[in-house]
Amino acid sequence: MTKPIQHLKATSLAAALCVAGLTAACGGGSDSSKSDSNTAGAGVYDSQLAFDKTKYTTITVTLDGVSTPVRWYREVCYVGKPMTLAPNQRGSNVDNQSCGYQNLNIFVREEDAAKQDNAILLNVNNAGWFASYQGGLNGWDGTAAITSTNYRGADIVDGGSYSSTSDTDKRGAALARGFVYINMASRSRGAAAPDGVYSDGIYQGKAPAAIVDAKAAVRWLRLNDSTMFGNANRIVVNGTSGGGAQSTQLAATGNSAEYHPYLKAAGAAGIDANGKSSISDSIYAVVAYCPIQDMGSADLAYEWMFNVLDTRTLVSADQKAGLIVDATGAELIRAANPDPTGSQELMNRFVTYQAGLGLKTDTGAALTTDNMLAALQGELRNAASAYVKAGNSIVAYDAYGTAAANGVAGGSGTLYYKNDFINVDSSGAVSYFNMSNYLKFVAKQARLKAMPSFDQVGQTAILATTATGDTTGAGAVVYGNYHGGESNLFGTAAQVYSNFTDYAWNNNNGGDAVNAAQADVGLLNTGYTWSVQPQRDFVLNQYRMINALPYIGKTDGITRHWRIRNGARDRDTAFTVAYNISRALKADGKVKTVDFALHWDQGHAGNYDVQSAFAWIDQRLTAGD
């Protein structure tokens, strides 16, 4: 087993500074909330949120072949005013209706339960930006073996077997190092309260609730740092997809006072009666996979990515010609081009958006759409080279291979394809790369999202019942590729959803067979265009508070150590999104480490490279900076 990495807790003055939120002494910084630490009183709910070290269940797991006792602190509520849940959440009957969206499942080896110097791995789990419930389902009795039908939110279970050497087992890697392993529940889209409990509405998970809850969880850990195992000055956050976005936002906004009113409303630790903060919510490091970030511009980026080299058009042509097939020759549905005119409009808008970000390349040149493709091609070539150097093989140039569908609305089946895009020798040297052919491959191995890709509600052209201009080789009609997008992440607690971009708002159909009319959303229903609709500023602020880019370079409490990975064949969002975040981070003088890369032959997923990820974590913790 790997020996635990030891980092002694800050003592005397340094400890006092950490408790006060002055995180320069804790491996982080602080922003405008720093002044609160001098004037803030005790948190209103701090006494209620004290950790009870005796309240746990001992479970037994097999770790690297050895029977290992583990303490499970079950569903520890990390806020003083948790959301009340309706009995049914997104089709599941939930047992924990008092704090099912704001609790921690905490796991620690018995041998590490007396150690206060080990790191904490905080896992956020809101896939697709959906709320992540933790607790029993359908009346779990608390003793029956945990299954997917009776419990949610426990990565480590009694009788489970875990390996510290597997590339896909972060649980084993963390436990073997002595880390405290935590699953975190959080509110987000889809979270619903019972009627009548809240005066403003039942949808209590609207943005920025997921970020507020992540901050509240960190604050709870810091509040209880002196009485519990693990070191709250060494919190490493891990998340994938929507969780990757959540962890990225948490890391980018450490100690930002903008979130204090929301934290006060939730009863977070270290927030006094006046809304001032005495506790830091900065973290030590973040490991984020395929973050679904920059939501307000994600539709623009997606259409630029898959139209700048005519990818959507090329895939449509191959679909009509019957060239998208599996190994048996059966056709796969991959065309997704319901509105070429709209795609072109959004693509063109991205040019202006990218130029306005003010990002730079390594040479200091402005990062614009003029050089973005070249930059991404460089990342893809690096990814392929690293993949081969690690002992993996890539389908030979001009040879045939297979790639399974993946991601949200990515279709089904396994593509049989010809490698006409890259030539790599056995040493990892790339002698040929064709970006146009590669993007076409990406769009054929998994069906592209429809346009718009993220703010989808109310868009007739993309509904699964709407015939597009595409057909199969056999002449069958190809229908829209609707999956709902993230529109219900936005709006008030009384609204099922709100469009959050001007395109979707102005083109909202007013209600359809999938989504009932929302009377106060969309041009057709309200008579207001996006630019003058009364709720515009409110929605834009929701979007901003879950978008890292406005905070990077402006937040003193930003996380100093970042590791971001995106699959090289991940089509759930544009490659530009994570790449732009990495460029912004590299320009932030408060950030010390930025490890960004694409991972070859990887779709939309996370924690597929556990060994290298934990080696990176080990290095950061050993350096102690």
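Values in this document were obtained by computation on a predicted structure and should not be read as measured data.
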Legend entry - Taking every non-hydrogen atom, the tightest pair across F107 and A154: CZ-CB, 4.0 Å
Legend entry - Evaluation steps, side chain to side chain donor-acceptor pair (under 3.5 Å), between K215 and T253: CA-CA 9 Å; K215 287 175 169 289; T253 59; 3.1 Å; yes
Inset, instruction - Indicate whether the side chain of R563 and that of S612 have a donor and an acceptor atom separated by less than 3.5 Å. - result: yes
Legend entry - Closest heavy-atom pair and its distance - A217, L104: CB-CD2, 4.0 Å
Inset, instruction - List the atom of N126, the atom of S188, and the distance in Å for their closest heavy-atom pair. - result: ND2-OG, 4.1 Å
Legend entry - Main-chain N/O of M184 paired to Q134 side chain as donor or acceptor, under 3.5 Å: yes
Legend entry - R565 to F596 six-membered ring, cation-pi geometry met (6.0 Å, 45°): no
Legend entry - Polar side-chain atom of N224 near backbone of T227 as donor-acceptor pair, under 3.5 Å: no
Legend entry - Heavy-atom closest contact (P208 atom, I546 atom, distance): CA-CG2, 3.9 Å
Inset, instruction - Can you measure from OG1 (T57) to CG (D158) and round to the nearest 0.5 angstrom? - result: 9.5 Å
Inset, instruction - Begin with the C-alpha distance, continue with both residues' side-chain angles, and end with the deciding distance and a verdict on side chain to side chain donor-acceptor pair (under 3.5 Å) for D609 and Y289. - result: CA-CA 10 Å; D609 59 346; Y289 293 91; 2.5 Å; yes
Legend entry - D167 and Q611 side chains, donor-acceptor separation under 3.5 Å: no
Inset, instruction - Would you check if P87 and Q97 make a side-chain contact, meaning some heavy-atom pair closer than 4.5 Å? - result: yes
Inset, instruction - Could you tell me whether the side chain of I156 reaches within less than 4.5 Å of the side chain of I59, counting heavy atoms only? - result: yes
Legend entry - Electrostatic pair K115-D112, nearest N-O below 4.0 angstrom: yes
Legend entry - Sidechain-backbone polar pair: Q246 side chain, A210 backbone, donor-acceptor under 3.5 Å: yes
Legend entry - Side-chain donor-acceptor pair present, N183, D155, cut-off under 3.5 Å: yes
Inset, instruction - Could you tell me how the ring of Y259 sits relative to the ring of Y551: parallel (under 30°), tilted (30 to 60°) or perpendicular (over 60°)? - result: tilted
Legend entry - side chain to side chain donor-acceptor pair (under 3.5 Å) against Q89, all qualifying residues, sequence neighbours excluded: Y101
Inset, instruction - Please name the residue in the list W129, F538, F500, Y203 that meets the ring pair (Phe, Tyr, Trp, His ring centres under 6.0 Å) test with F490. - result: F500
Legend entry - Note, T84 side chain near P194 side chain (heavy atom, < 4.5 Å): yes
Legend entry - Rounded distance (nearest 0.5 Å) linking atom CG of L263 with atom OG of S256: 9.5 Å
Inset, instruction - Taking the side chain as every heavy atom from C-beta outward, state whether I564 and P291 have any pair of such atoms under 4.5 Å apart. - result: yes
Legend entry - Distance-only side-chain donor-acceptor flag, W562 / D595, under 3.5 Å: no
Inset, instruction - Salt-bridge test for D588 and K554: reply yes if a basic N is under 4.0 Å from a carboxylate O, no otherwise. - result: no
Inset, instruction - State plainly whether the residues D281 and R222 are in salt-bridge range, i.e. N to O under 4.0 Å. - result: no
Inset, instruction - Mind telling me whether H561 and Y284 have parallel, tilted or perpendicular rings, with 30° and 60° as the class edges? - result: tilted
Inset, instruction - State the CD-OG1 distance between Q456 and T501, to the nearest 0.5 angstrom. - result: 10.5 Å
Inset, instruction - Drop me the distance from L549's CG to R583's CZ, to the nearest 0.5 angstrom. - result: 13.0 Å
Legend entry - Check: D299 side chain, F454 main-chain N or O, donor-acceptor pair, under 3.5 Å: yes
Inset, instruction - Compute whether any side-chain donor of one residue and acceptor of the other, for S132 and R187, lie under 3.5 angstrom apart. - result: no
Inset, instruction - Could you tell me whether the side chain of Y73 and the main chain of K53 form a donor-acceptor pair under 3.5 Å? - result: yes
Legend entry - Pairwise distance CZ(R171) to CG(N123) - rounded to 0.5 angstrom: 10.5 Å
Inset, instruction - Give a yes or no answer on whether the side chain of N547 reaches the backbone of Y543 with a donor-acceptor pair at less than 3.5 Å. - result: no
Inset, instruction - Output yes when E75 and K55 qualify as a salt bridge under the 4.0 Å nitrogen-oxygen rule, no when they do not. - result: no
Inset, instruction - Ignoring hydrogens and angles, tell me if any N or O in the side chain of R219 forms a donor-acceptor pair with the backbone of I279 under 3.5 Å. - result: yes
Legend entry - Side-chain donor-acceptor contact under 3.5 Å, D556 with N255: no
Legend entry - Beyond-backbone contact of R189 with K206, side-chain heavy atoms, under 4.5 angstrom: no
Legend entry - Flag side-chain contact, heavy atom, 4.5 Å: V70 against V108: no
Legend entry - Whether N150 side chain and A145 backbone form a donor-acceptor pair below 3.5 Å: yes
Inset, instruction - Rounded to the nearest 0.5 Å, what's the gap from OH on Y151 to CG on N96? Could you check? - result: 8.0 Å
Inset, instruction - May I ask you to check whether D455 and S487 show a side-chain donor-acceptor distance below 3.5 Å? - result: yes
Inset, instruction - Indicate yes or no: at least one non-hydrogen side-chain atom of Y181 is less than 4.5 angstrom from one of K170. - result: yes
Legend entry - Nearest non-hydrogen partners of R177 and A173, listed with the distance: NH1-O, 3.1 Å
Inset, instruction - Could you tell me whether R560 and D625 have a side-chain N and a carboxylate O separated by less than 4.0 Å? - result: no
Inset, instruction - Verify side chain to side chain contact (heavy atoms under 4.5 Å, CB included) between D117 and R234, making sure each step is shown before the conclusion. - result: CA-CA 9 Å; D117 53 359; R234 291 293 181 264; over 6 Å; no
Legend entry - Pairwise side-chain contact, C290 with D572, heavy-atom cut-off 4.5 Å (strictly under): no
Legend entry - Least distance between heavy atoms, N231 atom then N233 atom: OD1-N, 2.9 Å
Legend entry - Residues R544 and N541: side-chain donor-acceptor under 3.5 angstrom: yes
Inset, instruction - Report the residue from F51, Y56, F179 that forms a ring pair (Phe, Tyr, Trp, His ring centres under 6.0 Å) with F229. - result: F51
Inset, instruction - Evaluate the criterion side chain to side chain contact (heavy atoms under 4.5 Å, CB included) for residue pair N488 and V457; output intermediate values, then yes/no. - result: CA-CA 8 Å; N488 62 341; V457 178; 6.0 Å; no
Legend entry - CA sep, side-chain torsions, deciding dist, call: L221, M228, side chain to side chain contact (heavy atoms under 4.5 Å, CB included): CA-CA 9 Å; L221 290 168; M228 70 179 290; 4.1 Å; yes
Inset, instruction - Run the numbers on I552 and I581 for side chain to side chain contact (heavy atoms under 4.5 Å, CB included), then give the verdict. - result: CA-CA 8 Å; I552 298 172; I581 291 172; 4.1 Å; yes
Inset, instruction - Check for a donor-acceptor pair, side chain of D95 on one end and backbone N or O of L137 on the other, with a separation under 3.5 Å. - result: yes
Inset, instruction - Keeping the roles fixed (side chain from Q102, backbone from P82), state whether a donor-acceptor pair exists under 3.5 Å. - result: no
